[in-house]
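In what follows, every heavy atom counts, from backbone to side chain, and hydrogens, waters and symmetry copies are set aside.
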Amino acid sequence: MLGALVFIPLLPALPVGAMWAQRNAALLVAARRGDWEKVKGLLSEGAGLRLNQTGNGGMSLLMLAARAGAADVCASLLASRADPGSREAASGSTALVLAAGAPERKGGDVPAVLRALLGASADPEAGNKAGRTALMVAAEAWRVQSTFFPAFMCWAVVKAP
């Protein structure tokens, strides 16, 4: 007995690898522009297959979000297993170092970003290529006038061996 023939039309489509590359490129472009709503939308569609991929500037999505103070995006990326220990190509800075040096981001919540990164086991003692750790960068950028800096410093001291 013969079964029915089913014709499936071939749709013009990108190969799977090219599709993911386009989505990851869109994620990086949206992150560089600070369009965090678009980033969240693309992530919810599964666009973040390569969360630790870096763009032309050598920064990952997590680094861009951390530097901008986008706490909710950082939390989403960390929950999706973005690597808090990856390093930016030029300076060797981690997301924690980048966030620590950006205390006054308009519309951002850098203290929440720092808490999320530290909660995800970001290493506060990891220095960049110049040997500057997140604590050193925070001390300079926050000028010890912030209410968050002492808490960050206490956390680093408590966590030190």
Results of side-chain contact (heavy atoms from CB on, under 4.5 Å) for Ser76 - residues two or more places apart only
none

Between Ala68 and Trp36, what is the shortest heavy-atom contact and its length?
CB-CZ2, 3.6 Å

Starting from the C-alpha separation in whole Å, work towards a yes-or-no answer on side-chain contact (heavy atoms from CB on, under 4.5 Å) for Leu62 and Leu117.
CA-CA 10 Å; Leu62 182 61; Leu117 289 166; 4.0 Å; yes

Just so I know, are the side chains of Thr94 and Pro84 near enough to count as touching, which here means a heavy-atom distance under 4.5 Å?
no

What closest approach, in Å, do Asn52 and Asp83 show between heavy atoms, and which atom pair accounts for it?
OD1-N, 2.7 Å

Does Lys40 have any side chain to side chain donor-acceptor pair (under 3.5 Å) partners at least two apart in sequence or in another chain, and if so, which?
Glu37, Asp72

Can you name the nearest heavy-atom pair linking Ala30 to Val39, along with the distance?
CB-CG2, 3.7 Å

What's the shortest heavy-atom distance between Leu114 and Ala100, and which atoms?
CD2-N, 3.7 Å

Between Pro124 and Leu96, what is the shortest heavy-atom contact and its length?
CA-CD2, 3.6 Å

Ala116: partners by side-chain contact (heavy atoms from CB on, under 4.5 Å), with sequence neighbours left out
Leu78

Does some side-chain heavy atom of Lys38 sit less than 4.5 Å from a side-chain heavy atom of Val29?
no

For Asp35, all residues meeting side chain to side chain donor-acceptor pair (under 3.5 Å), sequence neighbours excluded:
none

The complete set of side chain to side chain donor-acceptor pair (under 3.5 Å) pairs with one or both residues in residues 84-93, sequence neighbours excluded, reads Glu88-Ser91, Ser91-Ser93

I need the minimum non-hydrogen distance between Ala95 and Ala66, along with the two atoms involved.
O-CB, 3.6 Å

